[in-house]
Amino acid sequence: MLKIGDYVIILVIVVISVSMGYFSYFSNVSSNENVQAQLIYNGDVIKVIDLGAITNNEINKVNYNEYGIEIEARHNGIRISDSDCQDKLCIMASWVDKSGEMSICLPQKFMIKIIGSSLEEIDTTAY
Amino acid sequence: MIIRCLKEVFPKKLILSMFIVITISGFGCMSKEKVIEGYSKESFAMDTVITQKIYNFSQNETEVIFDYALNRLIDIENLMSNKIEDSEISNLNKFAGTKQKVELSMDTKNILAYAMENYKKTEGYFNIGIGNLINLWNVRADNPQIPDIKSISAATKNISMDNLVIDKKSAQIKSSGFKIDLGSIGKGYACDEVIKVYKQYGVNSALINMGGNVYALGQKANGKNWMVGVQDPRSKTGNYIGILEISDQAVVTSGDYQRYFIQEGKRYHHILDPYTGQPSETGIMSVTIVADNALQADLLSTATFLMGLSKGRQLIINEGVEGIFITKDKKIYVTEGLRDVFKLNNISGEYDYVENW
């Protein structure tokens with residue numbers, strides 16, 4: 001027969017393992033939801049924006065005059081909203097929000113790249 | 001003895017419960033894979049974005065290799081770009097129609113010889129001599145226009161590959177109608193050269209993406225194959241329609257979505273048919289080729305796009321490579337050798353996967 005002390009030990013082990021499982025599971029989920037955008041100029045990351053931290057209905061406009069680029073960031077999404085380039089292809093491209101997506105302005109050597117967690121399904125995309 | 005002691009301290013049921021709990025939590029940990037990160041770098045060269053990723057090397061070593069690879073790319077661009085005024089290709093084009101020979105580097109000679117060799121294999125569809133036609137359409141212009149028929153017909157005259165004569169160290173172009181544009185294979189060639197640089201440094205796990213042209217060297221640091229997304233031709237860059245699992249292979253896509261303009265509801269893309277002088281209309285939106293080298297994959301993705309589903313399929317079978325064709329009627333055709341390594345990711349349900357064709 002199990003004694004009361006044994007039940008205590010079982011309870012403690014169950015609580016510890018369930019909480020470990022809970023935290024490891026939810027830390028993964030939250031890192032997936034935590035969408036970040038890298039702003040890259042000529043190959044160098046100049047800024048990382050945490051798009052998850054921007055609240056709903058809020059749109060942040062940021063001017064990067066030194067790169068001739070203006071960006072708009074919203075909750076879990078970002079885009080190039082203005083550029084000094086001639087073709088303006090980057091502006092016509094819409095918001096990027098999924099890990100691996102990119103918005104590129106070739107003439108200005110500027111790009112936005114969405115980065116996700118290490119649980120990413122793919123390593124790169126052939127396009 | 002130990003077991004007996006344990007049994008005395010912990011009753012049987014308790015040991016069983018502990019075993020179950022530990023096993024469950026143990027599996028929980030195992031499902032979380034340890035990911036060893038390499039280093040990656042984004043650069044702008046060859047008129048596109050280049051992403052390099054190298055694994056199993058220190059940060060300092062990786063940076064040195066990145067720079068060597070990038071310098072190699074820039075050297076190739078300086079030799080082969082027709083947008084660079086004194087490149088070998090620009091010089092060849094400049095003297096087209098005269099008897100002037102132009103001395104060539106091994107790089108340029110190799111790529112021209114490869115293009116010539118494949119001209120016949122592709123029934124003349126793969127033709128690097130349509131530079132005048134590409135300039136005429138200028139799909140990338142700020143305000144692209146459909147050229148008039150007369151100009152198109154003029155730009156498709158004298159584009160036979162016979163106009164290009166290569167000897168040991170030099171080449172000449174016999175007609176001014178033949179102007180070289182290596183846009184359809186230059187990146188593939190450069191991609192393979194970067195892989196050579198990596199191998200010289202002993203890199204055995206790396207990934208390069210040159211404006212969508214991918215080469216995956218070896219396997220990932222965790223010993224698994226690389227997962228390469230295949231672009232959905234009607235979605236944002238980076239959104240994939242399926243995933244290819246590959247190792248030591250190149251993946252290159254040609255699509256009508258890469259460079260185009262729309263006029264009166266019609267899409268005019270950059271893959272020009274040398275026979276009609278018009279953007280190719282074979283009912284294909286994209287072709288993705290998987291081959292052992294990026295040069296071949298690059299060339300065959302353009303050639304098969306131009307040749308259409310049936311002829312294109314025959315060509316890649318003859319060449320011993322694999323491919324994925326996505327047609328305008330939203331069907332996905334995958335060659336036999338890829339069926340086990342291509343996983344469809346058809347979230348929207350828009351596309352039909354054709355198993356037997």
Side-chain angles (χ1 to χ4, degrees), chain A residues 1-3 5-7 9-25 27-28 38 40-45 85-89 93-111 113-115 117-127, chain B residues 10-11 13-14 17-18 21-22 24-26 28-29 31-33 35 37 41-44 47-51 53 66 70 140-142 207-209 211-214 216 220 226-233 236-240 243-244 250-253 255 257-259 286 288 290 297 345:
Chain A
M1 271 303 285
L2 295 181
K3 292 175 187 163
D6 300 332
Y7 287 112
I9 292 172
I10 292 173
L11 192 70
V12 167
I13 292 170
V14 168
V15 167
I16 289 171
S17 48
V18 166
S19 56
M20 272 170 67
Y22 178 87
F23 282 116
S24 70
Y25 178 72
S27 61
N28 287 347
Q38 281 183 337
I40 299 169
Y41 172 71
N42 202 17
D44 297 322
V45 178
C85 67
Q86 287 204 321
D87 57 21
K88 311 281 179 201
L89 287 174
S94 53
W95 295 82
V96 285
D97 46 24
K98 287 192 201 76
S99 180
E101 282 184 352
M102 294 184 284
S103 186
I104 303 164
C105 182
L106 276 179
Q108 302 298 115
K109 300 192 171 194
F110 191 94
M111 66 184 280
K113 187 177 161 190
I114 304 292
I115 48 171
S117 70
S118 55
L119 296 170
E120 190 56 51
E121 199 180 12
I122 57 161
D123 300 299
T124 193
T125 303
Y127 55 88
Chain B
F10 300 106
K13 280 185 184 168
L14 179 57
S17 328
M18 279 173 73
V21 169
I22 289 165
I24 292 169
S25 54
C29 291
S31 68
K32 234 184 124 186
E33 187 182 284
V35 178
E37 292 293 341
K41 185 184 171 74
E42 251 100 29
S43 320
F44 287 82
D47 214 10
T48 193
V49 180
I50 289 151
T51 306
K53 277 185 195 170
F66 281 156
L70 195 60
R140 297 188 77 179
D142 297 340
L207 194 65
I208 180 157
N209 189 331
N213 293 15
V214 173
K220 285 192 269 192
W226 301 95
M227 300 303 222
V228 179
V230 175
Q231 176 68 35
D232 178 339
K236 284 182 269 183
T237 304
N239 281 357
Y240 46 91
I243 302 171
L244 279 165
V251 184
V252 179
T253 301
Y257 57 88
Q258 291 161 334
R259 288 167 191 172
S286 77
T288 300
V290 181
N345 178 50

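Chain naming here is simple, since letters A, B, ... match the order of the sequence lines and numbering starts at 1 in each.
Heavy-atom pairs under 4.5 Å with chain A peak, among B:Ser286, B:Gly255, B:Gly238, at B:Gly238. In terms of non-hydrogen atom pairs under 4.5 Å with chain A, the most contact-rich of B:Asn239, B:Thr51, B:Leu244, B:Asp232 is B:Asn239. Ranked by heavy-atom pairs shorter than 4.5 Å toward chain A, the options B:Leu70, B:Val49, B:Thr48, B:Val230 are led by B:Val49.
Residues B:Lys236 and A:Asp97 meet the side-chain proximity criterion, which asks for heavy atoms closer than 4.5 Å.
Heavy atoms closer than 4.5 Å to chain B are found in both the backbone and the side chain of A:Lys109. Residue A:Lys113 touches chain B through its side chain alone, counting heavy-atom pairs closer than 4.5 Å. Both the backbone and the side chain of B:Thr237 come within less than 4.5 Å of a heavy atom of chain A.
Pairing each heavy atom of B:Ala297 with each of B:Val252, the nearest pair is CB-CG2, 3.6 Å.
Between the side chain of A:Asp123 and the main chain of B:Val228, no donor-acceptor pair closer than 3.5 Å is present. A donor-acceptor pair is defined here as one N or O able to donate and one able to accept, closer than 3.5 Å; no such pair exists between the side chain of B:Asn345 and the backbone of B:Ile243.
Not counting sequence neighbours, the partners of A:Ser103 by the side chain to side chain contact (heavy atoms under 4.5 Å, CB included) test are A:Ile80, A:Val96, A:Ile112.
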